Amino acid sequence: MSELTLERGLAAFRAEIDAPTAAFFSSCVHCGLCAQSCPFYLETGDPKYTPILKLEPLRRVWENEFTLWGRIKGRLGLQKPVTDEMLAEWEELLYDSCSMCGRCSMVCPVGNDLAYMIRKTREGMVQSGHAPEGLIAAASRAIKTGSPMGLQWKTLAVQIQHVESSSGLTVPVDQEGAEYLVLLSSMEIINFPEYLEAITKIFDHAGVTWTLSTQCFEATNAGIQIGNKDIAAELVERVVAAAETLRVSKVISPECGHAYTAIRWEGPNLIGRPYPFRVFHIIEVLDELRAAGRIKTEGKEDDRLSMHDPCNLARKSGVIQQQRNLMALVAENFVDLKEHGKYQWCCGAGGGVSSNERAEELKMAAFKRKKAQIEEVAPERMVTMCATCRTQLEEGLEAFNMEIPVVGLTEMIAEHLVERD
Amino acid sequence: MSGLDPTIGHPSSGASCARSRHEHGHALPILHEIRHALERLLASGEETRIDLHSMPFGPGDLERLTAVLGSGEVQARVEALGPTLIQETAIPGVWLVDYRGLEDQRLSYQIEIAAIPEILRPRPEDLAESLGALEDRLSESGLDAAAPNASPPSS
Amino acid sequence: MSGSMEFLLWTKGPLFDIALAIFAIGLMARLVEIFMLGRAHNYAEPRAHEWPAGLRTMLTRTIADPGTFKRAPFNVVVGWIWHIGFLTALLFFVPHVELIRSVLGFAWPALPNPLVDFATAITILALIATLVHRLTHPVKRHISTVEDYLVWAVVFMVVLTGYLAYHRLVEPYPLALGMHILSAEILLVILPFTKLTHIFTAFIARWYNGAAFGRKGVQS
Amino acid sequence: MRKRSDKTLGESLRDHGLSRRGFLKLCAATASLMALPPSMAPAIAAALEQARRPSVIWLSFQECTGCTESLTRAHAPTLEDLIFDFISLDYHHTLQAASGEAAEEARLQAMEENKGRYLVIVDGSIPGPDANPGFSTVAGHSNYSILMETVEHAAAVIAVGTCAAFGGLPQARPNPTGAMSVMDLVRDKPVINVPGCPPIPMVITGVVAHYLVFGRLPELDGYGRPLAFYGQSIHDRCYRRPFYDKGLFAESFDDEGAKLGWCLYRLGCKGPTTYNACATMKWNDGASWPVEAGHPCLGCSEPKFWDAGGFYEPVSVPLTLGPGTLLGAGVVGAVAGGGLATLARKQRKEEAGTRQPVTVDELEQKL
């Protein structure tokens, strides 16, 4: 039986090194500014969490095999090789202490896209057998059951029944030719079932044709988080197959950060071809409907609200203004966190950290940065649009005894829809 | 040092030399040096000589310097190994001493800060011989022999 | 020191040729290495064009975002000061302009010497400050390698010897100038093989960064 | 004439009817000549009173007589003073009345009579011991053998002019005559270098005067040059220096900057690297000097000045490099980098062909 080896890992590193990677490593001057943008370093104060250091395995392969000087050093026996022991040590740095939030990529003065390289480095970590167990389990469940949490359609079917009975509306399933295929995340289905009810109401209100697919309802991609393109591609193929079966023209990614970047930006490259449909985040769709005047709301929330931008949605996908437009529709006392949008701070749970039980302590340490941001503007409630972020915010705020409820933006919109005659 | 203002005309650099209107700024440090030398002369009588030959003067610098110093009442000429021209400046105690060779070429050009320039003073050895020299001249002149009440020569 | 003029002529002559040749070989090799690796074709539907975003990032990364400035003001300010000071002296000192003209065949106007002198003095102070910072800041100390200190020393020597030569603080002058040229040659030689390549590759890196974010609709 | 050298200089001058004031003046002029402060005049007077006129033998080798031309224009003291009062010039090709065998005889006689005490002045470079001796001969003898024979019992050697001091023009690449400097060849005698093409006449006489007055060699720099004259660079004593400091440069020989007398650095002035006294002693009876005349310093008093870059190239310009070298090296680099990258790509392509996809089973082995 085949197994994951250092050789396979090194080959994966080599395969991942491209022109941007080489330009990035060529340019690093060890200024250490990336550490100042990393919640894991800032909240632990441990310099080993400096982002550029996390990339050392990839950097070594690049230097040793892709540079003239590295080759000369090799001849002289001065190369520092990448070993199994080293990779074992780096596993914590690459998974437990990095949520791939991409904030370092925004501040690096020489322009290094560190998150891009973290993603690449994880490919080699997986191939060499150095991925964390929590993520392996999630990836395995996703492949075997269709959901990283092992959720099955029958559970979702129960939720659909609840939604239908409480809203009096029909949740369309396997509707061929609908405009939108709606994807969900397992965490939403379990923790935040109100999301499904909200979009059911909003789409009914706006007259949008949509459908769920029994063939594939899961939007999240454990392959992206663990950092393996084989698994990631298989999961993307399932979505593409479902969308093609139902002949939808648009696919909606739910309130989940990495699910969106996975299917929106990485997906086509994983399967090596463009999609026959377009991909949107639910927030993008809602804002388009708002702009087209298809969402009519009444009344506004009057408590002090602030918002957490999910990294994957804002910084890594450019969805920043849309959620603010929607907030303006339903909130009159909205205040942004000081650093928001593309400069927002990660909640600490992304990039697979929340699936990696071992990283619990680091995850909560990183959250302190978000907590400090929230304390700065002292809102009565937080609004967000990512189930992972929302869970992390709820858990974190509770851990620090802060009584600030967290709500999803889609639900809030749904609550203010003008009742139809 | 307003005297160094290029707008103030000075006699030695006429309109014929437009280049010298340009300020190279090398006269000023010499003037400061002269000021310090004068202070020393007044305080302790210490004399100073400044060799203008070794100064990195540009065109017009020397003229500017001498224009600022001006000219005083005394002019003297010493004939020894060619002429030496001494000019008192408008500042008492500051002299310009121009040593010239047998063919009237300049050997050295110095500023002397002293009550009397060294070369004007008789050499001590010469001074010691001056009485004898006078008596030699007297006897040579024959004037003392013709005097009515003169004592006869001792020899 | 006897032979200072020979030393100067040696640094100005054969050594300069060798240093510049190694520099050109190393740098071109590095650039070709980078560009020949290429990028995989991107099938994802772009939100915006990558070229203008990449070009903008090439410039905008020069200025730190307000948050980073607040968290690491020393890094940002001192880094800025010495980079500007160094570039001012490198590109706008009259002798350097003449050197560039002779090597490239063209050049640009120079700045007055007192300005360059001031920039150099500031650069020396700022470089010392960066070393102290590197030795004391926990992150910088942790991530620093031998190469970082080597590069610092070479850059510092270049600026210091230039300053000493300009002020003629080392006699005889040909020795001072020769040491400055030698330092600069060491800098040229190590440039393509150390982090000093960022002088060129940082702009490539910024473009790739700006392009990647730009096509997703974010100006990075 | 030979008798006169027994007298001290003081006696000899008084025989000439020189007054004490005249002597004082001579000392003032001599101090000025030696670039010593005027306050040294009394010390010079005391020394001169006791000094004896040394015998001087002047050897001319691969030279252009420019140095002698320069010396005959020395104005302080006049050459006549120098020859008849300060020194006993017993041999000089160009200036001596004797010729042929009588001339050579005069040299040998002076060497014999002043063994260990005479000065040798050399102008011109010498084809070295390994060169064809026929490149330059005097009276059938090679320059090298005359030099070595003459310096054997000399007190000191003064190398006058850049050719004698550093090899000068004859030594310029490709140095066809194998020219060498005096200090290359004379290692067991004190050698004073008085470089310049030609040297400032007063500097030649000043150095001789120093030896005469103090009976010893002046303080020298690393190149054997008297510090009194070569202690500071042209640049440091240049009256145009303030323009350099302000960054005001003439860009061409007829631009506004040139007319205003700005710094000549960009026109190739070698003043910064050249050590000489031109800026203060000047030329032609102190009338002017090259920079004052609007021409950049050529650096003629420095070693290898003919090979130290173009006269009109600034000091900072490298000697041999041009855009071609840069371009050539760039191409080599591109080929090297390209080759390496191709290799890496090939390896990657091979690996992509044999790449094993990761399976859940493989992953689960870790659980």
Side-chain angles (χ1 to χ4, degrees), chain A residues 17-24 26-33 35-37 41-42 45-48 50 52-53 66-69 72 102 105-113 116 261 264-269 271-275 278-279 314-320 338-339 341-343, chain C residues 26 29-30 33-45 47-48 57-58 61-62 64-68 71-72 75-76 79 134 137-145 147-148 151 192-198 200-210 212-213 216-220:
Chain A
I17 290 168
D18 57 1
T21 308
F24 297 153
S26 289
S27 303
C28 178
V29 293
H30 284 174
C31 71
L33 274 185
Q36 302 300 332
S37 71
Y41 162 71
L42 286 172
D46 189 336
K48 75 174 176 179
T50 302
I52 193 68
L53 263 195
F66 292 84
T67 70
L68 182 62
W69 178 235
I72 295 171
S105 300
M106 291 298 294
V107 308
C108 172
V110 296
N112 288 354
D113 189 346
Y116 173 81
T261 49
R264 173 73 176 84
W265 304 112
E266 269 211 58
N269 298 321
I271 62 172
R273 61 180 193 274
Y275 294 146
R278 300 181 71 200
V279 177
R315 176 159 50 239
K316 295 173 80 174
S317 296
V319 179
I320 294 168
K338 284 223 171 111
E339 286 179 292
K342 63 183 181 180
Y343 286 119
Chain C
R30 172 60 56 94
E33 271 164 25
I34 291 173
F35 287 122
M36 274 189 64
L37 282 169
R39 277 189 302 169
H41 181 77
N42 199 332
Y43 294 99
E45 178 198 349
R47 211 189 276 287
T57 301
M58 282 169 85
R61 272 306 159 96
T62 312
D65 66 279
T68 301
R71 272 179 292 278
N75 243 340
V76 174
R134 191 169 281 288
H137 190 279
V139 168
K140 282 177 107 172
R141 198 178 56 223
H142 186 73
I143 65 176
S144 292
T145 60
E147 184 194 309
D148 291 315
V151 166
F193 308 105
T194 59
K195 66 176 183 177
L196 286 169
T197 34
H198 83 275
F200 300 92
T201 58
F203 295 96
I204 304 169
R206 285 178 182 184
W207 186 86
Y208 278 130
N209 184 311
F213 277 92
K216 297 179 190 171
V218 179
Q219 183 60 53
S220 70

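Atoms considered below: every heavy atom in the structure, side chains included; atoms not considered: hydrogens, waters and symmetry mates. First the proteins, then the strands, lettered A, B, ... as listed; each starts at 1. In this text the structure is predicted, and so the values were computed from the model without any measurement.
Two residues are said to be in side-chain contact when any heavy atoms from C-beta on lie closer than 4.5 Å; C:Tyr43 and A:Ile271 fail this criterion. Side-chain atoms of C:Arg47 and A:Trp265, non-hydrogen and from C-beta on, do get closer than 4.5 Å to each other. Within the 4.5 Å cutoff, no side-chain heavy atoms of C:Arg141 are placed close to those of A:Pro47. Contact annotation: the side chain of A:Glu339 never approaches that of C:Pro66 to less than 4.5 Å [non-hydrogen atoms, C-beta and beyond].
Of the residues considered (C:Ile204, C:Asn75, C:Thr194), C:Asn75 shows the highest number of contacts with chain A, using heavy-atom pairs under 4.5 Å. Counting heavy-atom pairs closer than 4.5 Å to chain C, the top-ranked of the candidates A:Asp18, A:Val29, A:Val107, A:Ile17 is A:Val29. Among the candidates A:Gln36, A:Met106, A:Glu266, the residue making the largest number of heavy-atom pairs closer than 4.5 Å to chain C is A:Met106. Of the listed residues (A:Ser37, A:Gly272, A:Cys28), the greatest number of heavy-atom pairs within a distance under 4.5 Å of chain C belongs to A:Gly272. Here A:Pro20 is the residue among A:Pro20, A:Gly267, A:Gly32, A:Ala35 with the most heavy-atom pairs under 4.5 Å with chain C. Interface check for chain A: of the options C:Thr145, C:Leu196, C:Asp148, C:Val151, the most heavy-atom pairs under 4.5 Å are formed by C:Asp148. In terms of heavy-atom pairs under 4.5 Å with chain C, the best-connected choice from A:Ala314, A:Gly318, A:Gly341, A:Gly102 is A:Gly318. Interface summary for chain A: among C:Ala44, C:Ala205, C:Pro138, the most heavy-atom pairs under 4.5 angstrom belong to C:Ala205.
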Take A:Leu68 and C:Phe193 through the test side chain to side chain contact (heavy atoms under 4.5 Å, CB included) and record every step on the way to the result.
CA-CA 8 Å; A:Leu68 182 62; C:Phe193 308 105; 4.3 Å; yes

Please evaluate residues C:Asp65 and A:Lys342 with respect to the criterion side chain to side chain contact (heavy atoms under 4.5 Å, CB included), reporting the C-alpha separation (whole Å), side-chain torsions for both, the decisive distance (0.1 Å), and the verdict.
CA-CA 11 Å; C:Asp65 66 279; A:Lys342 63 183 181 180; over 6 Å; no

Side chain to side chain contact (heavy atoms under 4.5 Å, CB included) between A:Asp113 and C:Phe213: does it pass, once the steps are laid out?
CA-CA 9 Å; A:Asp113 189 346; C:Phe213 277 92; 3.8 Å; yes

From CA spacing to verdict: side chain to side chain contact (heavy atoms under 4.5 Å, CB included), C:Val218, A:Lys316
CA-CA 7 Å; C:Val218 179; A:Lys316 295 173 80 174; over 6 Å; no

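Legend: residues meeting side-chain contact (heavy atoms from CB on, under 4.5 Å) with A:Arg278, ordered by chain and number and at least two apart, are A:Phe280, C:Glu45. Annotation: ring pair (Phe, Tyr, Trp, His ring centres under 6.0 Å) contacts of A:His30 (sequence neighbours excluded): none.
Aromatic ring orientation, C:Tyr208 versus A:Phe24: perpendicular (interplanar angle above 60°, classes split at 30° and 60°).
Contact of C:Glu147 with chain A is not made at all, since no heavy-atom distance falls under 4.5 Å. When heavy atoms are compared at a cutoff of 4.5 Å, C:Ala212 approaches chain A solely by way of its side chain, counted from C-beta outward. With a threshold of 4.5 angstrom between heavy atoms, C:Arg71 approaches chain A through its backbone and through its side chain. If you measure heavy-atom distances from A:Phe66 to chain C, the contacts under 4.5 Å come from both the backbone and the side chain. For a residue to count as touching a neighbouring chain, one of its non-hydrogen atoms must lie under 4.5 Å from one of that chain's; by this rule A:Thr67 touches chain C with backbone and side chain alike. Of the atoms belonging to C:Thr57, not a single heavy atom falls under 4.5 Å from chain A. Heavy-atom distances place both the backbone and the side chain of A:Lys48 under 4.5 Å from chain C. Residue C:His41 touches chain A through its backbone alone, counting heavy-atom pairs closer than 4.5 Å. For A:Arg273, the part lying under 4.5 angstrom from a heavy atom of chain C is the backbone only. With a threshold of 4.5 angstrom between heavy atoms, C:Ala29 approaches chain A through side-chain atoms but not through N, CA, C or O. Contacts of A:Tyr275 with chain C are absent, with no heavy-atom separation under 4.5 Å from either backbone or side chain.
A donor-acceptor pair under 3.5 Å links the side-chain atoms of C:Arg206 to the main chain of A:Pro109, judged by distance alone. Side-chain atoms of C:Arg61 come within 3.5 Å of backbone atoms of A:Cys108 as a donor-acceptor pair (strictly under, hydrogens ignored). C:Thr197 places a side-chain N or O within donor-acceptor distance of the main-chain N or O of A:Ser26, the cut-off being under 3.5 Å.
Taking OG1 of A:Thr21 as the reference point, atom CD1 of C:Ile34 lies at 10.5 Å (rounded to 0.5 Å). Atom NZ of C:Lys140 is separated from atom CG of A:Leu33 by 7.5 Å, given to the nearest 0.5 angstrom. Once rounded to the nearest 0.5 Å, the distance linking OH of A:Tyr116 with CG of C:Asn209 reads 11.0 Å. Atoms NE2 and CG, on C:His198 and A:Asn112 in that order, are 11.0 Å from each other to the nearest 0.5 Å.
Closest heavy-atom contact between A:Leu53 and C:His142: CD1-CD2, 3.3 Å.
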